[in-house]
Structures are given as structure tokens and as C-alpha cells.
2 protein chains.
Amino acid sequence: MARKTGSHSQITGPRIRKAALKLIARHGFAAVTMRQIAAAVGVQAGALYLYTPDKQTLLFDLMRDHLEELLAAWEAEPKGDDPAEQLEAFSRFHIRFHLERPDAVFVANMELRNLEPENFVAIEDLRKRYEGVLVAILERGALHRDFTLPDSRLAAMAIIAMLSGVNTWYREGGRLSRERVERIYWNMIRRAVGA
Amino acid sequence: MARKTGSHSQITGPRIRKAALKLIARHGFAAVTMRQIAAAVGVQAGALYLYTPDKQTLLFDLMRDHLEELLAAWEAEPKGDDPAEQLEAFSRFHIRFHLERPDAVFVANMELRNLEPENFVAIEDLRKRYEGVLVAILERGALHRDFTLPDSRLAAMAIIAMLSGVNTWYREGGRLSRERVERIYWNMIRRAVGA
DNA sequence: GTCTATAGAAAGATAGAC
DNA sequence: GTCTATCTTTCTATAGAC
């Protein structure tokens with residue numbers, strides 16, 4: 001087989017990240033080898049080290065990029081003024097954004113254990129910022145008496161867990177459309193917070 | 001160091017399982033070595049193979065035992081007749097049972113990927129049986145007009161995800177007592193299903 | 001930028017002594 | 001029932017050719 005020549009750094013980099021995301025989501029970070037990732041991309045294992053200093057940094061970059069994209073996407077999301085409108089926007093946004101990139105979500109949620117301490121702190125900070133978005137919406141709603149909530153933080157954790165659960169069972173082309181899932185979840189959340 | 005003598009199979013077996021559960025919950029199945037488990041128990045790696053034929057079977061046994069215990073505990077749980085009573089019993093039971101054994105829960109939820117196909121099917125069957133318990137409660141409640149639900153299966157998935165999320169943030173001796181968490185969650189669920 | 005080849009470490013599992 | 005010792009495999013990461 002002829003050896004490939006020439007520069008592909010603009011192409012290979014993204015392909016490595018995508019293949020790594022897919023493999024790590026399927027099998028877990030510790031179970032995936034650099035050789036497997038390289039094979040999925042069509043290069044030799046050694047070539048991966050042109051794109052990442054080591055396996056740990058590859059994982060960290062995947063998780064950080066996902067969470068930064070999540071926060072940026074929420075910032076760009078159109079949302080109304082009153083708390084109920086914002087809560088609906090958040091609920092629908094969360095479901096949609098997460099269903100669009102199941103591999104990245106899975107990795108970001110499941111591989112915290114495999115981060116080295118320094119990296120763990122950085123990722124946790126990003127996760128907490130996202131939780132803070134929802135807490136702020138709920139607290140403002142409770143203040144304005146739009147919501148009836150004994151504890152905003154706890155409600156935020158409950159709502160995020162519930163919304164994130166969609167990724168574990170939703171299948172494109174299944175019994176329910178994404179729009180219908182969004183509406184049903186929003187209705188449950190709306191009632192749960194007493195809006 | 002003097003070599004230990006005598007039989008300890010009644011003691012060592014459970015200690016291996018407990019140590020494995022803890023280590024796998026912390027670091028993930030693929031990242032934990034048989035040598036680490038052995039060291040935590042205070043034996044050599046080879047001795048583990050008196051208690052399990054291989055690492056995969058150890059994982060499978062841990063997950064199966066946890067889920068069988070879960071199903072048996074629900075069977076033994078006192079629960080009323082009407083759907084709302086049963087839903088409250090289920091909600092409180094789920095939180096309590098899961099908070100009591102965080103390591104086993106974590107392993108059972110996170111290590112599905114590391115099961116070989118045959119074992120995966122067996123564990124999925126047990127998981128589905130537990131989900132079926134909640135689906136049945138919700139369907140009966142919807143039938144009797146105790147609950148207002150567009151989709152019982154979807155509501156079941158949402159409720160289980162929400163309840164399971166407690167394990168990710170609850171800390172013994174923290175801001176909220178377990179009883180208070182149970183009550184707040186039950187109130188959110190009660191309103192979400194329109195009871 | 002990618003390859004081949006390999007150094008060096010560590011894994012799962014087994015054999016045989018005690 | 002447990003130990004020590006080891007076989008065999010496989011891993012991450014690097015070196016040097018092209």
C-alpha cells in the first residue's frame with residue numbers, strides 16, 4: 001500500500017477528535033487505546049502525538065470544548081424576559097443541544113473520573129457555570145412569585161437530571177418527535193415548579 | 001513478613017466485592033487493575049482468581065447482585081393501594097435505596113459499556129424490570145384519572161432520571177436532610193404528574 | 001505530516017510451592 | 001487459601017526514516 005504524503009493537519013485534527021469522541025463514548029476513556037483512535041482515523045498511533053501531547057490532554061480538550069460550546073450556545077439562544085419563558089427556553093434548549101451531540105454529552109458526563117485533578121477542577125467550573133444559569137432563572141422566578149419552590153438549587157439539580165435523561169432513551173425516528181418530547185418535558189417542569 | 005495461613009473464603013469474598021465496588025466507582029472498571037483490588041483487600045492478585053473466574057465476571061456479578069437486591073427490596077417495601085400512594089412510596093424508596101449504596105449504584109449505571117454482550121442483555125433485563133414497576137404505577141394512575149399524563153413511559157423515564165440524580169449531589173450531613181429531600185422531590189413529582 | 005520500529009511499563013491470568 | 005514468580009499480551013509514548 002502506498003504511503004500517504006503531504007500535509008493534512010487541518011483535516012486530521014478534527015477527525016481525531018471526532019473519532020476519539022465516538023470511541024470514548026462507546027467504550028470509555030480507559031478502555032480506548034490510542035491505536036484504536038488512530039485506526040479509526042486511518043493513521044498510525046504515533047501520528048496522534050502531533051495533535052495532542054498525551055491521551056489525558058485529548059480527553060480534557062474534548063470535554064472543555066463541549067462545555068464551552070454549551071455555554072456559548074445558551075448565550076446566543078433567544079429567550080424572553082419573564083422567568084417562565086426563560087425556563088421553557090432553557091428546557092427546550094437543553095434537550096435540543098444535548099440530543100444533537102450525544103457522544104460529546106456522554107463523554108462530558110461520564111469521564112469526570114478519568115480527569116487528573118487540575119483538569120477536573122477546570123471542567124467542574126464549567127459545569128457549575130451551566131447549572132448556575134438554571135439556578136438564576138429559578139431564583140428570579142421564585143422571587144417574583146412566578147414559581148413555587150422550596151429550594152431553587154435542589155430544583156435546578158432535579159430539572160437538569162430529568163432533561164439530561166432524555167439522551168439515554170431518545171432515538172431519532174422513534175415513537176415521539178423531538179418537538180413532542182420538548183413539549184411534554186416542559187409541561188412536567190412547568191407543573192413541578194408551580195408555574 | 002509472615003505469610004497468612006488458614007481459610008478465609010467467607011471473609012475474603014465479601015471484602016473483594018466491596019473493595020472492587022469502591023475502586024470501580026471511583027476510577028471506572030477499565031482503569032482499575034486486579035492488582036489494585038487485591039492490594040485494597042490485602043492479598044496478592046492471583047488470590048482473586050479463587051473468587052472470580054475473571055475480571056468481567058466480577059463486574060457482572062456486582063451489577064447483577066445490586067439490581068436483584070433493588071428489585072427484592074421494592075417487593076418488600078410497604079406501599080398503599082392507590083396510585084398516588086404508590087408513587088410516593090416509589091419515589092421515597094428510590095432515593096433512600098440509592099443513597100444507601102452509592103458505589104453500587106454508580107457502577108450499575110456507568111459500567112454498562114464494559115459488559116460483554118451476553119452480560120449486557122441480562123443486566124438490561126433487570127433494569128427494564130425496575131423501570132416497569134414505575135411505568136405500571138403511572139399507567140394505573142392515568143387510567144383511574146389520578147394522574148394527568150400524556151405518556152406514561154416518558155414520564156417514568158423522566159422521574160427515574162430525576163430521582164437518580166440525587167446521588168450525584170447529596171452529601172450526608174449537608175444542607176438538607178434526606179427526609180427533606182424526599183419530601184421536596186415527592187412534591188415536584190406529584191405536581192409534575194398532576195396528582 | 002506520517003510512517004515503521006521499539007523502548008519501557010504494566011496489564012490479566014496461570015503454575016506450582018507451602 | 002494464599003503466596004511468589006512469571007508468561008504473554010498490550011499499552012503509551014518516543015526516535016528516526018522518508
Side-chain angles (χ1 to χ4, degrees), chain A residues 1-21 23-24 26-63 107 111 113-116 118-119, chain B residues 1-24 26-63 107 111 113-119:
Chain A
M1 207 146 93
R3 184 171 144 310
K4 290 177 207 132
T5 58
S7 296
H8 299 99
S9 77
Q10 306 273 320
I11 297 171
T12 306
R15 290 183 66 214
I16 289 172
R17 306 164 67 76
K18 193 170 175 184
L21 221 38
L23 284 166
I24 296 171
R26 299 269 185 300
H27 308 295
F29 175 72
V32 171
T33 70
M34 296 300 264
R35 280 174 177 78
Q36 282 177 282
I37 297 169
V41 175
V43 298
Q44 291 299 314
L48 298 182
Y49 291 89
L50 294 165
Y51 299 91
T52 184
D54 50 42
K55 198 186 174 195
Q56 167 71 202
T57 304
L58 175 58
L59 175 63
F60 175 65
D61 287 345
L62 292 173
M63 295 173 76
V107 170
E111 303 298 350
R113 297 178 294 187
N114 288 303
L115 289 172
E116 285 165 8
E118 190 181 352
N119 292 337
Chain B
M1 201 141 101
R3 184 171 145 313
K4 291 177 203 128
T5 59
S7 297
H8 299 98
S9 76
Q10 307 274 318
I11 297 171
T12 307
R15 290 183 67 215
I16 289 172
R17 307 165 66 76
K18 192 170 177 184
L21 221 37
K22 180 172 169 179
L23 284 166
I24 295 171
R26 297 273 186 295
H27 308 295
F29 175 72
V32 171
T33 70
M34 296 300 265
R35 282 172 176 79
Q36 280 178 283
I37 297 170
V41 175
V43 298
Q44 291 299 314
L48 298 182
Y49 291 88
L50 294 165
Y51 299 92
T52 183
D54 51 40
K55 199 187 174 195
Q56 168 72 203
T57 304
L58 175 58
L59 175 63
F60 175 65
D61 287 346
L62 292 173
M63 294 174 77
V107 171
E111 302 298 349
R113 298 179 293 186
N114 288 303
L115 290 172
E116 286 166 7
E118 190 181 353
N119 292 336

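Residue numbers start from 1 in every chain, and the chains themselves are labelled A, B, ... in the order their sequence lines are given, proteins ahead of strands.
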Subject >> Shortest non-hydrogen separation from A:L23 to A:A40 and the atoms involved >> reply: CD1-CB, 4.1 Å
Subject >> Closest heavy-atom pair and its distance - A:T52, A:L58 >> reply: OG1-N, 3.4 Å
Subject >> Ion pair check, B:E111 and B:K55, cut-off under 4.0 Å >> reply: no
Original post:
If you round to the nearest 0.5 Å, how far is NE2 of B:H27 from NZ of B:K22?
Top reply: 9.0 Å
Original post:
Which nucleotide in the list D:dC11, C:dA11, C:dC3 gets nearest to the side chain of A:T33?
Top reply: D:dC11
**OP:** Find the distance A:Q56:CD to D:dA13:C1' and express it as a whole number of Å.
**Re:** 15 Å
Original post:
For the pair made of CG in B:L48 and P in C:dG12, what is the distance, rounded to whole Å?
Top reply: 10 Å
Original post:
Atom CG of A:L50 and atom P of D:dG16: how far apart are they, to the nearest Å?
Top reply: 16 Å
Original post:
A:M34 CE to C:dC3 P: how many Å, rounded?
Top reply: 14 Å
Subject >> Value in whole Å for how far the P atom of C:dA13 lies from CZ of B:R35 >> reply: 11 Å
Original post:
D:dT6 P sits how many Å from B:Y49 OH, rounded?
Top reply: 18 Å
Original post:
Can you tell which of D:dT2, C:dT2, C:dA13 lies closest to the side chain of B:Y51?
Top reply: D:dT2
Original post:
Hey, does the side chain of B:Q44 come within less than 4.0 Å of D:dT4's phosphate (OP1/OP2), counting only N and O?
Top reply: yes
Subject >> Rounded distance (nearest 0.5 Å) linking atom CZ of B:F29 with atom CG of B:L59 >> reply: 5.0 Å
Subject >> Atom pair distance, as rounded to whole Å: CZ in B:F29 and C1' in C:dG12 >> reply: 10 Å
Subject >> C:dG1 phosphate, OP1 or OP2, under 4.0 Å from A:T12 side-chain N/O >> reply: no
Subject >> Among C:dA13, D:dC3, C:dG12, the one nearest B:D54 by side-chain distance >> reply: C:dA13
Original post:
With respect to the side chain of B:K55, which nucleotide from C:dC3, D:dC3, C:dG12 is positioned closest?
Top reply: C:dG12
Original post:
Rounded to the Å, how far apart are B:N114 CG and C:dA11 P?
Top reply: 16 Å
